[in-house]
Each structure stands twice: as C-alpha cells, then as structure tokens.
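Inspection log for the structure reproduced underneath, given as structure tokens.
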Amino acid sequence: MRTEPALSRPVRTPGRGTGASIEAFLRRYEAQSLLRFVAVGSVDDGKSTLIGRLLHDTGSVYRDQVEAVRRASAPGGNGPLDFALFTDGLKAEREQGITIDVAHRYFFTDRRKFIVADTPGHVQYTRNMVTGASTADVAVILIDARHGVVEQSRRHAAIASLLRVPHLVVCINKMDLVGFDPDVFGAIQTAFAEFARGLSFLDVTYIPVSATGGDNVLERSTNTPWYDGPTLLAYLEEVPVLDHRNHRDLRFPVQTVVRPNLDYRGLAGTIASGVLRPGDEVLVLPSGLRTKVAALDTFDGPLAQARPPQSVVVRLADDLDVGRGDMLVGPEHPPVAARTFDAHLVWMGDAPLDPTRAYLLKHTTQTVRAQVVEVHGKMDLFSLGCVATDGVQANDIVRVRVRIHPPIFCDPYAENRATGAFILIDPVHHHTVAAGMVERALPASDRAPASAGPGALVLVEGPGGAIEAAARRLHEAGCFVTTLQPAPDEPPGAAHEVARLAMDLGGVVVAPARAFAGTSFDPARTFEVRAGAPGDPGLHAAVRSVVDRIRGSASETP
Amino acid sequence: MVLPEHNENLSHLRLLEAESIHVLREAAAEFDRPVMLYSIGKDSAVMAHLARKAFHPAPPPFPFLHIDTTWKFRAMYEHRDWFAKTYGVDLFVHRNERGVAQGVNPFDYGSQVYTTIMKTEALVEALTLHGFDCAFGGARRDEERSRAKERIYSFRDADHQWDPKNQRPELWNLYNGVIRPGESVRVFPLSNWTELDVWLYIWLEEIPVVPLYFADERPVVEREGTLLMVDDDRFRLRPGETPTMACVRFRTLGCYPLTGAIRSNARTVPEILEEMLEGGLSERQGRLIDFDTDGSMELKKREGYF
C-alpha cells in the first residue's frame, strides 16, 4: 500500500493558495536549463555525504526519508544527520557500505535542474565512472584535504578528460579536519593544477568544502574567509552548458523511417551535431548522394531549424533510399569513411580483450563488425602517456587499432562526442565490453579485410587445440574470425544464431563440426578442415586452401 | 508547443522529451516485437504521448498492453477504453485467468501474494504469450532509492529475471539491445524524469489523465491511517466501518483496495504541484513508503516485476 510522500522542500516555493504564483513558478521551472554532472570520489572521501547534502539542502528528498535518515543516523533520532544515507541504494552495497554502480539523482534550484551520476571511485569501478562521465557537462572530483592529491584523484581527472567532460570542479573536502587551513587548500590546488595542465578541460575550479558541515556547498562558509570563489551549488548553477557541443558539422544519424502512407517518407533521428534548416543541402552517407531538406517535421508542427539534441523527422526533397544506420551530413565538413581507426578503449568486460575474435561495434544508429587488430599500449594515468601492455583487462584504458566492416562514418571524439563514440558488444554473451573513442581514422589505402563479403563457416574436426590453431591461422590471413565452442551439453541454437550474425557481417566463424551437424547453413559458404595431432603441418595447408576458397567465392559473388 | 528559434539552450523539459523520443525510436527500431506497457496512470499517459510524438505522423509501431488485475478503479477502466478508442491504439488486455478463477483478491490473499499472482505472473505470462522482446515501462529513477541505479535498457533473462549484477553499462546514448531468443529488455524512456517533470509536462501538453488524480468528493473509509475509496460493492467493510464522503485525490493509481487517498482540495495540476512542493501532507501519510520497501522492490524486480 503506498502513497507518495511530500517533498521536504522548505524554501523558495510560492505561498499556498496563490494560484497565480504557482503558475509563475511553473513557467520559470519549465524554462530552466539542465546540467548533468558526474560526481566521483574514493570510498572515504565523503562523496555520498556531499551529494546527500546537496539533495537535502535543496529540499529534494521526501520528508519521510529525512525522518528515516534521522532515525537511522543516531539512536533516539536527536544526533546530526548522516547525509550519506540519502544516497545509499541496492541491498548488496548497503551491506558492503560502498557504492558499486552508477546511481542517478535529481534535484533542482531556482536556477537549474540537475542530474547527478553518482559513481564509485575505486580502480575496479573505472567502468562505472566512464559511464557517468560519458554524458556529463561537469565532473566533480573529491579530494580529502588530509591526504591531498592521490593516485585516485589523478585517475579520475584523466578519465574525465579522456571522456571530454568540458568542465572540472575539484572539491577539497574535509576542510574542517585540517582547521580550514588556506595553506593546505593552496598546496593541493598547486599540486593538482600542475597535473591538470596536460588535460583537456575548458576550465578547472577549486572549492574548499566540508560536506558534513555544509561549508561552501550551498552557503558561503564563514570558516573560509580567505576563499572568494563560488560555492559548489553557485558554480553548478552558473557554469555555461551546451557551449561545448559541435554546432558546425551537421550529423544526423537516421534511427528509423516514418512512413504512414505512400505519400510521406520521413527520416526520424536526433541531431547529433550541427544545425539543420529546411532548404539546407545535405550529403547522404554512405550513398554519397546530395539532396536538400524539404521540411523538419515534429508532432508540434514544422521547425525552422533543429539543433542538438533535438529529435525530429526530416523530409528530403528527393525520394532517396535512406534507412536506419545512414547519416545526413553537411557537405562542407563530411566525416571520414573509416575501415581502420585508432581509438581509446575503456575495457569493461570481465573477460580480457581477445584480439583474435570479432566484436559487434555500435556507433550512432548502426552496428557493424569490429576487431581490435593491435594494442598500441595502456594509458599511464600519471604521465598521461602510453606504456606497453601484454593484455587488456577490465578497467584498463588502452590505445588500440580497430578494423571494422562495413566502414563507418566517424569523427575524432575530441571534435565530436556524438560521432566519435562507440561501444563494443560481445557477440556471444552480448555484454557491453568496451567504451570507445575514435582518435583518428587511417587512410583508406589500408587494405580491406579479406573476408569482406558474404562470410564463411569453417568447421573443424580434430583434437583439442585444433580450433584455436585454425582460428589463429585465419586471423593471420586477415579474416575477421569468431571462434565458437559451445559446451557439448549446451543447446546449439545460440551458437548458430551468433554464427549467422557473424557471417552476415562478413565474418569467418570457426567451430567444431559436431556443433553444426545437420544444420541448414549455405553449403557454398561452409568449409571443412580436418586436423591431426596438435602441430600437424597439414592444418596450415588446409586453412590456406580454405582462405583461397573463401576469397575465390567472395569474388564470384556480385 | 512551438520551440523557440534562437534560444540559447533547450529547456530541461525539452531535453528530457528529446531523450525519451530518442530511446523510443531506438528500441522500436532494434527489437523484433516491442510492446508498451500501459498502466493507465499519469506516467503511462506521458509515455504514450511521447510515443505518439516519436513516430508522428505515423502511429506508434507497436501495440499497448494492460495487465488487468480486475481490481483497478472503475474510472481507470473508463479512461483506458477512452484512450484506446481516441488514439486508435492496438491494446491487449491480459488477466491471469487462473488467478481470476481461484478468486485471488487483495482482501483474502494479502497485498504481496495478490500482487505476485495478479501483476507479476500476469505480466510474465503476457510477454511470453505474445513473444514480446521489449517492453516499454513508465518507471522513473526518482521513484525510490533502489531504482536510482536502474538502466534505461533493463535486461531480463529468459525467465524474466532481473539480476542487478548483470546489467549493461550505458554510455552516451548508445544502448545495447542485443539479446538472444527468449530474453527480453524492459525499456524505461522516462528514467530521467521526476514526478514534478511528469506533472509539469501533463499541464503544458494538456495530456488527459484519470480524474482520480484531482480532488473530489469520494466515498472513503479510514483504515490504519490510510484512506481507502469504496469504489464498488466488492469492497469488504469491516465491522463498524461506514463509508463517508471526503474530498480526496490519489498521487498514484493501482488496485483500489490497495491505494491510499489523501485529503486534498487540489483540483488542477498547478494546485497538485503546489501541495507537493510545499510538503503540505501530514507526517503520517508521508510515511507510507518507508526505507524497508527498498528491499522488497528489489525482490519484486528479481521475480520479473518492475
């Protein structure tokens, strides 16, 4: 049984019984801007307390919640509030006493509405921080005044910078525990600024706070007369948003085609960057055809212009065959068609990166096949340089070379967050295994993948290790390889599904013959390899002949 | 609503609207058989309105599904039928017929067992029956603490189970909707909306909602501090209980024997918001959700409910 309780919002709302003033308030609230920020900190630096403080002091928690927190904070309910309890979420982490996933919080003031991505700071949760940072306008990093700039602080700043979060706020917290000493604040600021010079932020702001005492969170603290900058909330209310979006290069990835009748064909999508107006000339990718925008339609009527991230329906002057995954772009600054590109990856999968297998890559509104063909190195968050690495594990940030099929039209992430970002998806388990940011596309002269075409299924019969050996050889021969080894007791349906998907995208699937016995795969695309003992020299020749046959049959296909 | 042509920033509400439309289009394009869960409440009304916007001038390319426990308020059934007729949507209504045959009701079975059978089981049954692989739901992250970590695409295994440890990270606006046959995803386009946003949007867009949200004279009994509306003659009055007329409204709508009303004079959306923002409700009414419900919501989700 439930009814929703009342918000505890104590101030700054209109008085009761004044219909006109509530309407005025709603009109004001309606017009407010939105700021998304990511808050990141380590286990004990008081991040939960700071966010609890923001939520509580802006009146954004329900009254009964305040009461429950009051009861939970101290027996008898008379002690100070434990603000961290406002943000405590899933059972598992209540038991562990730490934040293990990204939580979203909402609050608003007279000036702005806020969405907070509340993320854990430990190294093993880098992936969570990346998730929160991917959509943030501002990153708020906490530093414990007693400990100064630690490795975590550098990691957090480097990740926010890599994700191109435009603004950074460094909250030097627990100032009460260092006697609000301006020298402690100054020393931390100097040390951090040194490091931050190598980062991509538009600006970095330092604020001395005490989350437990509320100093410089909403109200200016009398404990820091030497500090003349903004409070945290004042900063968040005033920092400009949206000025970092790319308004120059039109990118409109098509999500779906709206076709209510034979006379109407509209392309539904979200403006990723740039500005679109009726009459604008656009280039349709990948076809390369040029046409003009006839109209920008919405449920609420036609628009004279659309800007990111508006959702619209575009009608073109010519009746072209354009569908999901295609992109309308401005002809002056088109994106590059990339078959191979260098990128940063934040690895999120529990299993390490496997360079011998293909992944699904989702970029804008299309999903293609991708393989990480080279790991240039791992990002060193101290020097911000790249160091050699053996393997890529969860939470690693690496520079890699990615090969894809078919090509995608992308921009460097630094120039365009919307068309430089991608995710990698495991084709078997379907987990999101990496967040990717395009650094630069390589010249088109790079050879096309050998298996670009209708795909192939290579069935291997032989002892243990033969499948891996065959897969390695095919990979070396330039194929996009997916290895499937379903357990003998596993129903083979999932493996068949994955194989079809991989082949549709031009991939070469290597699997044990038994797993595909009696299936209806196209015989012209199915190749068998028999292998003897491990190290059998015949295997190499057999795979070589399969590669030739795959290439031969691909070239016969129109 | 006309969008300003030369404004500096889109307002937060227009940004939320754009994000929701993006999510609706993405999921509709990527899944084979999506469905929109229609609970008849205010969040469903907003979600359905956004679905009409997302595919305009075409109708939403998916059907709607109402899980009928048979104990909803009469005004809700009227509103549902009006909604389906007015907008010409393809609406499936599903009941757990075994539960109905057994006479499962909220009086004899207790709210938890009743909810499991008539809501959770019925939903899973309907999704399986029609082979839906994507179900849009109107849930918001601000509803309670356990929802703060919910994804926009919430992955469910072939048994419709939700595993909090096995949810996919969501980066930028790139949603991973790749699933195996039998698996499904609940998609929550209103994840980033708050209760205030929902009401504001209803007011600005003039979206029709069930009249029970607005204060009116209604027959109620007070039971353990909760006002229950006696909506039909199936309501079991306890000895000594006599329905009296009171001016009440509802902040959420569900099965009428399980939904508490609040005393209120708010007859318009601004008046509702004024009450909400001022915290004009009594302490006791405000305490009906307490912290212990977090855990139970998590359990319900693991079982397949939202």
Side-chain angles (χ1 to χ4, degrees), chain A residues 1-9 13 16 19 22-23 26 29-34 63-64 68 89-91 101-106 113 115 127 131 134-135 241-242 255-256 258-260 264 268 270 299-301 303-305 309-311 324 348 360 362 421 423 425 430-432 435 494, chain B residues 1-3 5 9 11-13 15 18 21-22 25-26 28-29 52-53 55-58 111 141-142 145-146 148-149 164 168-172 174 176 178-180 192 194-195 200 203-204 226 251-252 258 260 262 270 273-274 276-281 285-291 295 298:
Chain A
M1 189 169 308
R2 57 180 295 198
T3 55
E4 286 173 52
L7 280 169
S8 65
R9 178 162 289 267
T13 48
R16 171 169 279 284
I22 181 75
E23 292 211 9
L26 293 176
Y29 177 72
E30 174 208 350
Q32 281 185 346
S33 59
L34 175 69
R63 233 199 231 172
D64 66 321
L90 297 176
K91 254 185 177 171
D101 207 337
V102 185
H104 291 84
R105 322 278 177 198
Y106 306 85
K113 165 150 177 207
I115 299 180
R127 48 188 170 184
T131 303
S134 69
T135 52
V241 289
L242 295 185
Q255 286 188 286
T256 186
V258 172
R259 192 154 209 192
Y264 187 100
T270 301
F299 181 88
D300 301 297
L303 296 183
Q305 71 163 26
Q310 276 179 278
S311 288
R324 179 174 170 82
M348 303 195 157
L360 298 174
K362 186 169 182 186
I423 58 173
I425 299 168
H430 302 160
H431 299 138
T432 301
Chain B
M1 168 168 308
V2 180
L3 288 156
E5 274 188 41
N9 293 322
S11 76
H12 73 97
L13 212 53
L15 289 170
I21 289 175
H22 179 85
R25 288 171 173 174
E26 240 356 64
R52 291 175 60 223
K53 284 199 173 191
F55 304 97
H56 180 82
S111 68
R141 286 188 184 127
D142 83 323
R145 286 191 309 171
S146 74
K149 305 197 171 183
R168 299 166 177 179
E170 287 181 342
L171 297 132
W172 300 287
L174 299 173
N176 172 0
V178 185
I179 54 170
R180 293 180 194 179
N192 286 325
T194 64
E195 188 185 11
L200 183 63
W203 183 55
L204 292 170
T226 302
R251 291 189 69 174
T252 58
L258 296 175
I262 53 173
L273 289 171
E274 192 171 16
M276 193 178 115
L277 290 166
E278 285 196 335
L281 305 183
Q285 285 161 326
R287 247 182 246 149
L288 279 174
I289 297 178
D290 63 31
F291 273 17
E298 216 175 305

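Order of the sequence lines sets the chain letters (A, B, ...), proteins ahead of strands, with each chain counted from 1. Because the structure is a prediction, the values reported are computed rather than measured.
Taking the side chain as every heavy atom from C-beta outward, B:Pro169 and A:Met348 approach each other to under 4.5 Å. Side chains of A:Tyr106 and B:Glu195 form no contact here, defined as non-hydrogen atoms less than 4.5 Å apart.
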Check step by step if side chain to side chain contact (heavy atoms under 4.5 Å, CB included) holds for A:Lys113 and B:Leu13.
-> CA-CA 10 Å; A:Lys113 165 150 177 207; B:Leu13 212 53; over 6 Å; no
What's the verdict on side chain to side chain contact (heavy atoms under 4.5 Å, CB included) for B:Arg168 and A:Ile425, showing C-alpha distance, side-chain angles and the deciding distance?
-> CA-CA 10 Å; B:Arg168 299 166 177 179; A:Ile425 299 168; over 6 Å; no
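Ion pairing between B:Asp142 and A:Arg105 fails under the 4.0 Å rule for side-chain N and carboxylate O.
Rounding to the nearest 0.5 angstrom, the gap separating the NE2 atom in A:His430 from the CD1 atom in B:Ile179 is 9.0 Å. In this structure, A:Thr256 OG1 and B:Glu26 CD are separated by 9.5 Å, a value rounded to the nearest 0.5 Å. From B:His12, atom NE2 reaches atom CG of A:Leu34 across 8.0 Å, with rounding to the nearest 0.5 Å. Here the CG atom belonging to B:Leu174 is positioned 5.5 Å from the CD1 atom belonging to A:Ile423, to the nearest 0.5 angstrom.
Using a 4.5 Å cut-off between heavy atoms, A:Ile115 touches chain B through its side chain atoms alone. Using a 4.5 Å cut-off between heavy atoms, A:Arg324 contacts chain B through its side chain alone, with no backbone atom that close. Of the atoms belonging to A:Lys362, heavy atoms from both backbone and side chain fall under 4.5 Å from chain B.
Pairing each heavy atom of B:Ala18 with each of A:Pro309, the nearest pair is CB-O, 3.3 Å. Across every non-hydrogen atom of B:Ala58 and A:Pro260, the tightest pair is CA-CB, 3.8 Å. Closest non-hydrogen pair, A:Glu30 versus B:Leu204, comes out as CG-CD1, 3.4 Å. Scanning all heavy atoms of the two residues, the minimum distance from A:Gln255 to B:Ala29 falls at O-CB, 3.6 Å. When all heavy atoms are compared, the tightest approach of A:Tyr29 to B:Thr194 is OH-OG1, 4.2 Å.
B:His22 and A:Ser311 are not linked by any side-chain donor-acceptor pair at a separation below 3.5 angstrom, with hydrogens and angles left out of the test.
Annotation: side chain to side chain donor-acceptor pair (under 3.5 Å) contacts of A:Thr135 (sequence neighbours excluded): none. Checked against ring pair (Phe, Tyr, Trp, His ring centres under 6.0 Å), B:Trp172 has the following partners two or more places apart in sequence or in another chain: A:Tyr413.
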